[in-house]
2 protein chains.
Amino acid sequence: MIGQASSESTAPILAQTQTRVVMYGLGSMGSLVARMLDEHGAELVGAVARSPQKIGRDIGDVACLGKQLGVTVAKDIELVLADTRPDLVVMTIASYMEDMFEPAMACLVAGANVITLSEELMFSRRTSPDETELLDKAAREAGVTITGTGHQDGYWVNLVSVLMGTAHRIQRVVGKASWNVDDFGAELARDQQVGSSMAEFEQWLAGASRPPTFGRNALEQLAVVAGLNPRDASGETKPVIADADTECKALNTVIRKGSVLGFTDIDTLSTDEGVVLTIEMTGMVYGPDNADYNDWTIFGEPELNLRNEKVPTSWTTCATLVNRIPDVLSAPPGYVTLEALPQLRYRHPRRVSTDTTSVPSAEAFRGRTNGLR
Amino acid sequence: MIGQASSESTAPILAQTQTRVVMYGLGSMGSLVARMLDEHGAELVGAVARSPQKIGRDIGDVACLGKQLGVTVAKDIELVLADTRPDLVVMTIASYMEDMFEPAMACLVAGANVITLSEELMFSRRTSPDETELLDKAAREAGVTITGTGHQDGYWVNLVSVLMGTAHRIQRVVGKASWNVDDFGAELARDQQVGSSMAEFEQWLAGASRPPTFGRNALEQLAVVAGLNPRDASGETKPVIADADTECKALNTVIRKGSVLGFTDIDTLSTDEGVVLTIEMTGMVYGPDNADYNDWTIFGEPELNLRNEKVPTSWTTCATLVNRIPDVLSAPPGYVTLEALPQLRYRHPRRVSTDTTSVPSAEAFRGRTNGLR
C-alpha cells in the first residue's frame, strides 16, 4: 500500500544484482567511490591506476578500505576488462572528452557499462558531438550505457530544475558556486593566476588557451532536464581582486590588496524559449569568512532561490555517482544523459566499513571534483 | 541530438492537448491557478465556488484575469461536470480527506482527472487508507488519475529527496519551515494561541482536538520518494515565546514578552532503514527580522543542507500544481502519488496575461496554502 518505489528500496543498491565493478582511476575520487561501493556490497573485481605507487598493490590498501580485497591494482585497462568481464566500469580519470574518448570506447567495446565523473560527459552532445555519437553507437551495439554524473547532477542540474518546477514564468536562472584554491596546492593556484597584478591577469587572459569550462556542459544539461531547448552558449572570465591582504597557503605567501585572488568563469546559455541560464564559478584564495557554497536564483514569477552552505563537494560527487548506478544499469543502451534517468535518489548502504578509523575522513577528501583525481 | 525530453518542451503545456479544465474552488489559490492556466493556453470550461459573491459571475472577473471568459461560476459541481465533461478538475476546496472524499469521488465517477492542493491527499495512504483505496478504485474504473500536489511537492519532498540523493549514508533528515500569523487575519491568530500565557497554552494543548498536521503526509511521501519504508509517525507541539514585545497586526495588539507568539508542530517519521525524518512547521507572529523560509539538514555522511529564503508559498503552490498537470494526465489510472510521477519540472507558459495591471500581484496572494483557499 506504500507505493511502487518502495518495493525495491530496502534491498542494498548493488549486492542484489551482484554487480561486478572495475575502478578505472584510483585518485581521491576513485578511492572514495570504492569505499562507498564496498559499503553497498558491490563486488570490486578490478582496478586500474596510472601511478606506479599504486600499481601492484591491493585495491583495499590503495583506497584505504581498512581491509584487503584480494584484487591487485593493474596498469592496463584492456587486460583487466578481458580478465574480469565487469558489468560496470567507474571512470574517474579525466574531465574532458579529449582524454575520455579512447579509454571509454575500450570499456564499451568490451561490453561494460560506464559511469564517469568526466564533467564534459555529463552532457557532451553539443561540445563534442562527433565523439558523443560514436560512444552512443558503440554503447548501443554492446547493449550497455555510458553516463556522466557527479556533484553537478544534484547541485547544478536537478535541484535547480526541481526549483524551476515551482515557478510559473522564468526569465533568468543564475547559479553561483565557489571553491578554495588553497585546497588544491601550488599548481592550481598558479593556474588561477593567484598573486598576479590586474595587468598581468589581463595579459594572461588575452593569450590564454584554456580548456572549455564545465559550466557550459552543466547548463546545457540543466536546460534539457528543465524542458528547454539550448541555443547559444557564451563565456567570460573575471578576476577576483583582494580587498585586503590575504594569506595564500598553497603558495605560502600573502596576496597583497589589489592583486588577483583567483577568477570567476561565467557561462551563459540562451534557450529557444527565451529563458537565459548562467553559472558563475569562482576559484579563489579564501579569506577567513569564505566557504564553498552553491547558490541559485530564479528571476521570474515568482523570484525563487536555493542555497547550500559548506558543500563537501568530493563527497557529494562520489555519493551521487554511486546512487546513480542502479539508474544507469537499467537505462536503455546508449549515451544516457540525466533527462533520461529517474529522479536522483538516496540508496541506503547496507553496512559501515569494518574499520572506519582507517577510512579517510570527509575532511581528507575535501575539494573539487577536478584536479584531485 | 539534444535529448528526448526536449522534443515536447517547446509546446505550451496544455494547449496542445486542448485540456478542458473545471476549477473547483476559486479562493486565492484557485484564482491564481486559473490565471496561470489561462497563460498556458488551457481551456477553462467551468468553475464552482461556495461564496454567493462569486456564484453567477464570470470566472475571468472572479479570478481577476483582466478579461471575461464567458464561463459563469456555478454552485453545483455535479451539474458542471455533466454540462462540461472536463478532462481535468482542479480542486482547491479543502485540506483533509474528510472534506475531500465525496467531492473528489463525484469528479472521478464523472470521468474527470483530479489534481488537488489537499495536503492530506499528497500522500493519504497511511492517514486515510480506506478512503484512499476507494478513490483509487474509482479512478481506475474511470480510467483517470487523482493526485495531490502543491508547495510541499517541491520544497518538502522532491528538493529534499534530490539532496538526499547526493549523500552516502543518512541518519536523520530535519526540515524547518515557517509562516507568519499576521498574513492570515484574526481567526488564524487565535487558532495559533497568539497572546496566550504559557499556562493557557498548556491547558489548550492538553484539551485540544486538532486535525492532523500536514507534516506527516509530506514526510511519508518524502520517505517513499527517497526509497525508504515509512514505519512510525509521531507528533508534538511546542509554543514559541516572545523574547521581546512584538506587534501583532492580525489582532491589532502587542504581544508581551513571555507570552505566546504561536507554535511549532514537530512531526517525526521513522523508517525500516533506520533513517529518521522530521519536519518542524512554525506558525507565529513575525518580528521585523522574520520571513518565510524552507530549511533542511541531512545528518550523515556527509552532512548536507538546503535553504530557500523568503519563499512565496502561494505562488510556488499554484505553479507546482500547474506544472504537474502534464504528468498526471499521462500517468496510469488510479490514485497517483509523487514517486510514480516524472521529476517535477518547469513548463514555459505561452503568453503573458493581456492585462497584467489588473492581475493580483504575488504580494496580494502571499500566504500559506491552507486557510486561504
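Residue numbers start from 1 in every chain, and the chains themselves are labelled A, B, ... in the order their sequence lines are given, proteins ahead of strands.
Aromatic ring centroids of A:His168 and B:His40 lie under 6.0 Å apart.
The residue among A:Asn158, A:Thr271, A:Asn305, A:Val275 with the most heavy atom pairs within less than 4.5 Å of chain B is A:Asn305. Listed options B:Glu220, B:Met164, B:Met36 were ranked by heavy-atom pairs under 4.5 angstrom with chain A; first place goes to B:Met36. With chain B as partner, the option from A:Leu321, A:Thr320, A:Asp153, A:Leu159 having the largest number of non-hydrogen pairs under 4.5 angstrom is A:Leu159.
In this structure, chain B has heavy atoms under 4.5 Å from both the backbone and the side chain of A:Leu163. For A:Val336, no part sits under 4.5 Å from any heavy atom of chain B, backbone or side chain. For a residue to count as touching a neighbouring chain, one of its non-hydrogen atoms must lie under 4.5 Å from one of that chain's; by this rule A:Tyr335 does not touch chain B. At a 4.5 Å heavy-atom cutoff, the contact between A:Glu303 and chain B is made by backbone atoms alone.
A:Arg307 has its side chain out of reach of B:Leu306: every pair of non-hydrogen atoms, C-beta onward, lies at least 4.5 Å apart. Residues B:Leu304 and A:Asn308 fail the side-chain proximity criterion, which asks for heavy atoms closer than 4.5 Å. Side-chain contact check for A:Val162 versus B:Gln343: some heavy-atom pair is nearer than 4.5 Å.
Here the straight-line distance linking atom OG1 of B:Thr166 with atom CD of A:Gln152 works out to 12.5 Å at 0.5 Å rounding. Separating the CG atom in A:Asp272 from the NE2 atom in B:His348 is a distance of 10.5 Å, to the nearest 0.5 Å.
Between the side chains of B:Ser161 and A:Tyr346, no donor-acceptor pair of N or O atoms lies under 3.5 Å.
The pair A:Glu301-B:Arg35 meets the salt-bridge criterion, since a charged nitrogen lies less than 4.0 angstrom from a carboxylate oxygen.
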Inset, instruction - Verify side-chain contact (heavy atoms from CB on, under 4.5 Å) between A:Arg345 and B:Val225, making sure each step is shown before the conclusion. - result: CA-CA 8 Å; A:Arg345 77 162 170 86; B:Val225 166; over 6 Å; no

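When all heavy atoms of A:Ala167 and B:Ala319 are compared, the pair lying nearest together is C-CB, 3.4 Å.
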